[in-house]
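Okay, so here's the structure we're looking at.
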Amino acid sequence: AHWNQGRDMMEEILKEINQDNFNFNSDFIVRACQMLVLDIPMKLEIKNFTEHNVSNVEKNWDKIKTALITTVSWLKEFGYSRDTLTSQNAVLPIAYYLFYGGSEKKKEEWRQYLAHALIKNVFSSQNDRLLEELRTELKDKVQFFQFKNLLEKKFVSNKSFVVTEEEIDELLQYKKGRHAYIILSYLYSYKFNQLSIHLDHIHPVSAFSTKKLTKLNLKQEDIVKWQNIKDQLPNLQMLESTLNISKNDKKLEDWIIEEFPTNDAKERFFLSHYYPNKANLEFEDFENFFEKRKQNLRNQLIKKFSVKIN
């Protein structure tokens, strides 16, 4: 009887947390109960749900619900949705932190944790062990949570949240898609729940047709290269939807002049989007712009991911 009622209660939570473009399921809720309340191994096994354990979940149900709803509101603010949250397990330590009274003051540290966890793909295998270790790490220490403590720790089968310099160079080659979105949403750190943000090509895709590139008198190998790198991180930016709509397929230099007529406005835009200073925005100079912005992004990512330089 307990569990039948539990099913309805689960459906109610799922309805609430999925309404903002997520696709959590009942397995996720069961794992949340294990992580937050039961302090039992994270392996999903029916034998773990004794009458005592089920009653414990029931007693704490409102608190579990509140922790999950707050967690999902943080995910929204960080810019995640079902398309970009590549591991639902990665969310459970945040819910644990909130369940045990963690403060909103550490929200940015949890944004950091999630970006590291997803970029490093730490939950791709042996999830249960890692969740158990993270629970132990947080237990009775929620008030003292600092992400840097997780960075200093080696977890199960050598899993680590540490991002290396080599990995930053790999990230810069990511093409438009969910991983590029994760990196840029972390870099830009907008409050995504208050804005409508698009992932945009800086130099528009339409400029890279073979016909148009041939007119620039590029060698065949350069045409192939430009077409390959056009979707990579250094040619991608996050724009508010109104700006993106005004930009559409316009040439970059024309759009910048139109949208940011004063030097001040232009400089602010360049700075906040990691454009090279005094960059030549003409399409003919695309490769030069790409390489300089790549360097700017690299420097920023090294800072954001706390990378130790070799």
Calculate, to the nearest 0.5 Å, the distance between atoms CD1 and CG belonging to Ile182 and Leu118 respectively. 5.0 Å
Between the CZ atom in Phe22 and the CD1 atom in Ile17, the distance rounded to the nearest 0.5 Å is 9.0 Å
Consider only side-chain heavy atoms of I, L, V, M, F, W and Y, link residues closer than 4.5 Å, and tell whether Met35 and Phe24 are in one cluster. yes
To the nearest 0.5 Å, tell me how far Leu195 CG sits from Thr242 OG1. 9.0 Å
Ile94 vs Leu98 side-chain heavy atoms within contact, under 4.5 Å: yes
Determine whether a donor-acceptor pair (N or O, by modelled atom type, separation under 3.5 Å) exists between the side chain of Lys65 and the backbone of Met10. no
Could you tell me whether the side chain of Trp61 reaches within less than 4.5 Å of the side chain of Val37, counting heavy atoms only? no
Tyr80: ring-ring contact (aromatic ring centres under 6.0 Å, His included) partners, not counting sequence neighbours: none
Joint hydrophobic cluster, Leu199 plus Phe269, side-chain heavy atoms closer than 4.5 Å: no
Do Phe208 and Val224 share a hydrophobic cluster, counting only Ile, Leu, Val, Met, Phe, Trp and Tyr and linking them when any side-chain heavy atoms are less than 4.5 Å apart? no
Which residues end up grouped with Ile245 if you chain together Ile, Leu, Val, Met, Phe, Trp and Tyr wherever their side-chain heavy atoms are less than 4.5 Å apart? none
Ser246 versus Trp255: any side-chain heavy-atom pair under 4.5 Å? yes
Report yes if some heavy atom in the side chain of Leu216 is under 4.5 Å from a heavy atom in the side chain of Trp226; otherwise report no. yes
Please set out all donor-acceptor pairs under 3.5 angstrom arising from side-chain atoms of residues 136-152, sequence neighbours excluded.
| unit_1 | atom_1 | unit_2 | atom_2 | d |
| --- | --- | --- | --- | --- |
| Thr136 | OG1 | Glu132 | O | 2.9 |
| Lys139 | NZ | Asp39 | OD2 | 2.6 |
| Lys141 | NZ | Glu137 | O | 3.4 |

What residue pairs, at least two apart or across chains, pass side-chain hydrogen bond (donor to acceptor under 3.5 Å, both in side chains) with a residue in residues 230-241? Ser196-Ser241, Asp200-Gln237, His201-Asp231, Gln237-Tyr275
Counting N and O atoms only, with roles assigned by atom type, does the side chain of Gln300 sit under 3.5 Å from a partner on the main chain of Leu187, one being a donor and the other an acceptor? no
Checking Val307 against Leu301 for the side chain to side chain contact (heavy atoms under 4.5 Å, CB included) test, could you report, in this order, the C-alpha distance in whole Å, the side-chain angles of both residues, the deciding distance, and whether it holds? CA-CA 8 Å; Val307 177; Leu301 289 169; over 6 Å; no
Inter- and intrachain pairs under salt bridge (charged side-chain N to carboxylate O under 4.0 Å, His left out), touching residues 74-86, at least two apart: Asp20-Lys76, Glu77-Lys107, Glu77-Lys191
Before we go on, tell me: are the rings of Tyr188 and Tyr274 under 6.0 Å apart, centre to centre? yes
Check: Arg293 side chain, His273 main-chain N or O, donor-acceptor pair, under 3.5 Å: yes
With distance as the sole test, does Tyr97 use its side chain to make a donor-acceptor pair with the main-chain N or O of Leu92 at under 3.5 Å? no
In short, Phe289 meets Pro234 closest at the heavy-atom pair CE2-O, 4.4 Å
Any donor-acceptor pair under 3.5 Å linking the side-chain atoms of Asn23 with those of Gln88? yes
Pairwise distance CG(Leu271) to CG(Asn277) - rounded to 0.5 angstrom: 8.5 Å
To the nearest 0.5 Å, atom CZ of Phe192 lies from atom OG of Ser185 at 5.0 Å
Determine whether more than 12 heavy atoms belonging to other residues, nucleotides or ligands lie under 6.0 Å from atom CG of Asn248. yes
Do Ile119 and Leu171 touch side chain to side chain, with heavy atoms closer than 4.5 Å? yes
Side-chain contact test, heavy atoms from C-beta onward, threshold under 4.5 Å: evaluate it for Leu38 versus Asn56 and give yes or no. yes
Rounded to the nearest 0.5 angstrom, the CG-OG distance for Asn127 and Ser87 is 6.0 Å
Any Ser306 side-chain heavy atom under 4.5 Å of Gln112 side chain: yes
With ILVMFWY side chains joined below 4.5 Å, transitively, what does Ile257's cluster contain besides itself? none
Can you confirm whether more than 12 heavy atoms, excluding those of Lys292, are under 6.0 Å from its NZ atom? no
Distance only, no hydrogens: is a donor on one side chain within 3.5 Å (strictly under) of an acceptor on the other, for Thr262 and Glu267? no
Look at the side-chain heavy atoms of Ile, Leu, Val, Met, Phe, Trp and Tyr, link any pair under 4.5 Å apart, and say whether Met42 and Leu134 land in one connected group. yes
Would a distance-only check, ignoring hydrogens and angles, find a side-chain to backbone donor-acceptor pair under 3.5 Å from Lys247 to Leu252? no
Could you name each residue pair satisfying salt bridge (charged side-chain N to carboxylate O under 4.0 Å, His left out) that touches residues 297-306, not counting sequence neighbours? Glu165-Arg298, Asp169-Arg298
Compute the ring centroids of Phe260 and Phe270, then answer whether they are less than 6.0 Å apart. no
Validation row, ring centre Tyr186 to ring centre Phe78 under 6.0 Å: no
How far apart are the C-alpha atoms of Leu36 and Arg135, what are their side-chain angles, what is the distance that settles it, and do they pass the side chain to side chain contact (heavy atoms under 4.5 Å, CB included) test? CA-CA 9 Å; Leu36 275 51; Arg135 181 170 60 189; over 6 Å; no
Between Glu167 and Lys120 (salt bridge meaning N to carboxylate O under 4.0 Å), is one present in this structure? yes
Side chain to side chain donor-acceptor pair (under 3.5 Å) filter on Glu258, not counting sequence neighbours, yields Lys250
Can you list the residues that meet the side chain to side chain donor-acceptor pair (under 3.5 Å) rule with Lys154, with sequence neighbours excluded? none
Side chain to side chain contact (heavy atoms under 4.5 Å, CB included), that's the test. Do Thr210 and Gln227 meet it? Break it down for me. CA-CA 8 Å; Thr210 305; Gln227 287 175 336; 3.0 Å; yes
Salt bridge (charged side-chain N to carboxylate O under 4.0 Å, His left out) contacts touching residues 278-288 (sequence neighbours left out): Lys225-Glu287
Given the rule in the side chain to side chain contact (heavy atoms under 4.5 Å, CB included) test, do Lys159 and Arg129 qualify, once you have shown the distances and angles that lead to the verdict? CA-CA 11 Å; Lys159 285 190 178 187; Arg129 284 281 306 282; over 6 Å; no
Sequence-distant partners of Glu108, salt bridge (Lys or Arg N to Asp or Glu O under 4.0 Å), two or more places apart: Arg111
Locate the shortest heavy-atom distance separating Pro93 from Leu131; write the atom from each residue and the value. CD-CD2, 3.9 Å
Between His203 and Phe283, what is the ring plane arrangement, given parallel below 30°, perpendicular above 60°, and tilted in between? tilted
Which atoms form the tightest heavy-atom contact between Ala180 and Leu233, and what is the distance? CB-CD1, 3.7 Å
Is there side-chain contact between Ile29 and Leu68, with at least one heavy-atom pair below 4.5 Å? yes
Residues forming a side chain to side chain donor-acceptor pair (under 3.5 Å) with Glu11, sequence neighbours excluded: none
So if you build clusters from Ile, Leu, Val, Met, Phe, Trp, Tyr with side-chain heavy-atom gaps below 4.5 Å, do Leu281 and Leu236 land together? no
Is the closest side-chain donor-acceptor distance between Glu58 and Ser55 under 3.5 Å? no
